[in-house]
A.B. asks: 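One structure, pasted below without further comment.
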Amino acid sequence: MRELFGLMRFGAKSALWAAIINTVLGIIKTAAYLITGNVAMFAEMMHSFGDAANQFFVFVGSGLSKKAPTERFPGGFGRLVNLVLLGAVLIVGILAYETIVEGIHHIRSGAHSEDWFWLNVGVLGLAIVLEMFVLHKAMKEITHNLPKEQKKGLKIFPAAFKNVKSANPATKLVFLEDLVAVSGAVLALVAIVIATYTPFHSATGYASVIIGIMLIVVVGRIFLDNAAGVLGVADLDMEERMGNEIMKHPRINDIQDMAVIREGDDLHVELKVEVEESMTIKESDEIREYIAAEIKRRVPNVTDIIIEFDVDDEIVHWKKTVIEKPAE
């Protein structure tokens, strides 16, 4: 048990913040829904509780994935976070279905109440502010490796969207869910205003259906990403970045083969480089140590690096970027 709690300090902090805030918002929205009976508030209530449960599992899973390899599991537990996320999306999927069903029921019934307008507006306004806080934390985690000038102020928004593909699974889930959460809260707020001040009283029902569909889209995206993660997905962007840096070494003629496998938050690197036939074992060991040090310096979440050497076959294998090597 002590080891379990010790691993939690490695859990995704953005997921923990998101779980806490969404739990608080879920309770507040539940009270608002019970008072007002507003279907858009019901959709937001389901959304918050779904996100809270999901993100709590993500926090636990991301912490457990840092457990050191054992004799039984020598490959480590990096992919555990992907398995946890596959289970967590089921919760969001069920809540998304209930949200859509409730929205359709409201559209058909045409029920509407103009009471408690400012209560609904206040709760949703608070939700938008708190969800933006969590979204900003997720953006900071996505962009933490970027230079400060690229993520200063409002620049963090385009930088986060540009780099979300390379984020770890837990942070990516929090980012996507809170992006939908902010959009859903804004949509619900607009729908309540429309339903109150125009004859289009079923606007909140349509908003509930749209929020449910948005949740299903997120569920689908997360499911596909983490199914690939469980199988062991190659990080092609990272392969290109690492390969181009390695090719800058004056003694490496070519990269015959390279694989960067993402396992949860961690990366496993395997590559075979081509060198001159006259190279000694001592020289190859020096190059191996240099490559490993450079990769770990630039990419801190690399767990292990396997480097093989082969004689240059005079066939170009690494074609992604032309590198002009410095003179020896």
Side-chain angles (χ1 to χ4, degrees), residues 9-18 20-21 55 58-59 62 65-66 78 81 128-183 185-186 218 221-222 225 229 233-250 252 255 258 260-269 271 290-303 305 318-327:
R9 71 178 186 272
F10 299 113
K13 299 301 185 295
S14 61
L16 179 61
W17 273 106
I20 294 171
I21 288 176
Q55 289 155 351
V58 169
F59 170 70
S62 61
S65 69
K66 302 300 182 184
V81 65
I128 291 170
V129 172
L130 293 179
E131 295 287 8
M132 280 297 298
F133 170 76
V134 176
L135 184 62
H136 186 260
K137 277 196 166 293
M139 288 180 173
K140 288 176 69 176
E141 287 192 13
I142 290 172
T143 59
H144 74 282
N145 284 329
L146 297 179
K148 289 185 178 180
E149 60 271 11
Q150 293 185 19
K151 56 184 180 181
K152 186 177 180 181
L154 295 178
K155 291 181 180 179
I156 194 172
F157 287 89
F161 279 96
K162 184 178 179 181
N163 292 277
V164 67
K165 288 184 179 180
S166 59
N168 65 59
T171 302
K172 186 185 296 185
L173 180 139
V174 172
F175 175 79
L176 291 174
E177 285 194 340
D178 277 279
L179 186 63
V180 172
V182 172
S183 303
V186 172
V218 170
R221 172 68 183 275
I222 293 169
D225 285 351
V233 63
D235 192 326
L236 301 180
D237 291 338
M238 191 60 70
E239 284 181 13
E240 183 171 359
R241 285 174 53 192
M242 288 185 185
N244 291 334
E245 287 300 319
I246 291 168
M247 284 295 291
K248 292 179 180 180
H249 195 286
I252 295 176
I255 298 176
M258 183 172 188
V260 179
I261 306 300
R262 184 171 289 279
E263 297 181 342
D265 296 346
D266 301 325
L267 295 173
H268 170 81
V269 181
L271 68 149
Y290 170 82
I291 292 174
E294 281 297 298
I295 289 177
K296 289 187 176 182
R297 183 177 68 85
R298 296 174 182 272
V299 187
N301 56 332
V302 173
T303 55
I305 305 168
W318 191 260
K319 300 179 180 179
K320 294 184 178 180
T321 302
V322 177
I323 301 293
E324 291 186 7
K325 296 185 180 182

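These numbers come from a predicted model, not from an experiment.
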A.B. asks: Show the numbers, then the answer: is there a side chain to side chain contact (heavy atoms under 4.5 Å, CB included) between I246 and M258?
C.D. replies: CA-CA 11 Å; I246 291 168; M258 183 172 188; 4.2 Å; yes

A.B. asks: Got a second to check how far K151's NZ is from F157's CZ, nearest 0.5 Å?
C.D. replies: 14.5 Å

A.B. asks: Take L271 and I305 through the side chain to side chain contact (heavy atoms under 4.5 Å, CB included) test and state the conclusion after the steps.
C.D. replies: CA-CA 8 Å; L271 68 149; I305 305 168; 4.3 Å; yes

A.B. asks: What distance separates N163 CG from Q150 CD, expressed to the nearest 0.5 Å?
C.D. replies: 8.0 Å

A.B. asks: With a 4.5 Å cut-off on side-chain heavy atoms, are W17 and I21 touching?
C.D. replies: yes

A.B. asks: Calculate, to the nearest 0.5 Å, the distance between atoms NZ and OG1 belonging to K162 and T143 respectively.
C.D. replies: 12.5 Å

A.B. asks: Out of curiosity, K148 NZ to K155 NZ, how far, rounded to the nearest 0.5 Å?
C.D. replies: 14.0 Å

A.B. asks: Evaluate the criterion side chain to side chain contact (heavy atoms under 4.5 Å, CB included) for residue pair I261 and L267; output intermediate values, then yes/no.
C.D. replies: CA-CA 6 Å; I261 306 300; L267 295 173; over 6 Å; no

A.B. asks: Please identify which of these residues, I255, I291, V302, meets the side chain to side chain contact (heavy atoms under 4.5 Å, CB included) condition with M242.
C.D. replies: V302

A.B. asks: Can you give me the closest heavy-atom contact between F175 and A160, atom names plus distance?
C.D. replies: CE1-CB, 4.2 Å

A.B. asks: Can you name the closest pair of heavy atoms from E239 and V260 and give their distance?
C.D. replies: OE2-N, 3.1 Å

A.B. asks: Considering only heavy atoms from C-beta outward, does the side chain of F161 approach that of L179 to under 4.5 Å?
C.D. replies: yes

A.B. asks: Out of curiosity, L176 CG to L135 CG, how far, rounded to the nearest 0.5 Å?
C.D. replies: 10.0 Å

A.B. asks: For K152 and E149: C-alpha separation, side-chain torsions, deciding distance, then whether salt bridge (Lys or Arg N to Asp or Glu O under 4.0 Å) applies.
C.D. replies: CA-CA 5 Å; K152 186 177 180 181; E149 60 271 11; over 6 Å; no

A.B. asks: Side chain of H144, backbone of E141: donor and acceptor closer than 3.5 Å?
C.D. replies: yes

A.B. asks: So, are E294 and R297 salt-bridged, with charged N and O less than 4.0 Å apart?
C.D. replies: yes

A.B. asks: Rounded to the nearest 0.5 Å, how far apart are CD1 of I142 and NZ of K140?
C.D. replies: 13.0 Å

A.B. asks: Search all heavy atoms of A18 against all heavy atoms of D178 and return the closest pair with its distance.
C.D. replies: CB-OD2, 3.9 Å

